[in-house]
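Worksheet: the structure to be examined is printed underneath.
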2 protein chains.
Amino acid sequence: MRARELAKKYPTVGVESDAWKAAQTMARDALPGLIVLAEDGSPYAVLPGSQVLRFVVPQYVQDDLALARVYNEEAAEELCRRLTGKTVHELLPSKNDQEELPVVDGDATAMEVAAVMARMHSPIVAVVEDGKLLGAITASKLLGFLMPDTGAAS
Amino acid sequence: MRARELAKKYPTVGVESDAWKAAQTMARDALPGLIVLAEDGSPYAVLPGSQVLRFVVPQYVQDDLALARVYNEEAAEELCRRLTGKTVHELLPSKNDQEELPVVDGDATAMEVAAVMARMHSPIVAVVEDGKLLGAITASKLLGFLMPDTGAAS
């Protein structure tokens, strides 16, 4: 079994997409994150939900959690509105802070996918062929493939 | 809205539970991770799928991904069998490597939950009352609450 056969379609956004819409998509479809594509369609980054919240919650509130209690619901909504008019690119951590992207070739074996996930602590690996995204593989999907009894037992 | 109202039931395992069964549950229910409870029922850690793979994939393969290609499917299955007879506790990173646990009180406001998620880069926060787990809040659920138009629009 090769990565291309394990890959499933996974929601993506362009790096220049609207940040508010990206956050809305995550919320509506209960996604833990989105794959961000460069303009040429190749994977550029992963945008996790927590990263959207890092953009929304001011740094000094993250540093001193006691301050968070001061914000009522209207004030919290107001902070979310900072997403409007921004691009997904502006939400991403600076390239230096970004980890190596968890990407494998369509030809990668299950063990290669597992090794990339393990090494990068990533819940998801993007599968790329000819510079284009084929889809993604989640850790749970891979475990299900590697652990032969999972489907049948329990 | 307080954390206790946003919290949803989330799959848990005991710290002394069987590691193989925990991995099976993740695979079967397509979960990105499980909340690990101490013997007294309080949250102890989060076990992400990638951590299970870190246990399964030998360190030298993680360090040199080219080695992964050597493992065929039977060899990969064999590595998974190392989970049998182990406890969830043995899968967890050493306490020093574990990040601060993303836990809030039932009384926490949405902004406090957002601040904890943002600060800890966590896709999920456990909600605890009187030392017991009430449930968990995901980043996407919280975004849906904080972004008022999400439900109606698009």
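Residue numbers start from 1 in every chain, and the chains themselves are labelled A, B, ... in the order their sequence lines are given, proteins ahead of strands. For the numbers below, each heavy atom of this structure counts, side chains included, while hydrogens, waters and symmetry mates do not.
- Proximity to chain B is absent for every atom of A:L67, based on heavy atoms less than 4.5 angstrom apart.
- Among the candidates A:M117, A:E77, A:Q51, A:Q59, the residue making the largest number of heavy-atom pairs closer than 4.5 Å to chain B is A:E77.
- Residue contact with chain B, scored on non-hydrogen atoms closer than 4.5 Å, involves the backbone and the side chain of A:A30 alike.
- For B:L79, the part lying near chain A is the side chain, with the backbone staying farther off; criterion is any non-hydrogen pair under 4.5 Å.
- Only the backbone of B:L31 comes within contact range of chain A, with heavy atoms under 4.5 Å apart.
- No part of A:N72 comes within reach of chain B, as not one of its non-hydrogen atoms sits under 4.5 angstrom from that chain.
- Going from atom CZ of A:R82 over to atom CZ of A:F55 covers 5.5 Å, rounded to the nearest 0.5 Å.
- Contacts of B:A110 with chain A are absent, with no heavy-atom separation under 4.5 Å from either backbone or side chain.
- When heavy atoms are compared at a cutoff of 4.5 Å, B:T138 does not approach chain A at all.
- Residue contact with chain B, scored on non-hydrogen atoms closer than 4.5 Å, is absent for A:V56.
- For B:V113, no part lies near chain A; criterion is any non-hydrogen pair under 4.5 Å.
- In terms of heavy-atom pairs under 4.5 Å with chain A, the best-connected choice from B:V61, B:L83, B:L53 is B:L53.
- Only the side chain of A:E73 has a heavy atom closer than 4.5 Å to any heavy atom of chain B.
- Contact of A:L142 with chain B is made through the side chain alone, with heavy-atom distances under 4.5 Å.
- The part of B:V52 that comes within reach of chain A is its side chain, from C-beta onward, which places non-hydrogen atoms under 4.5 angstrom from that chain.
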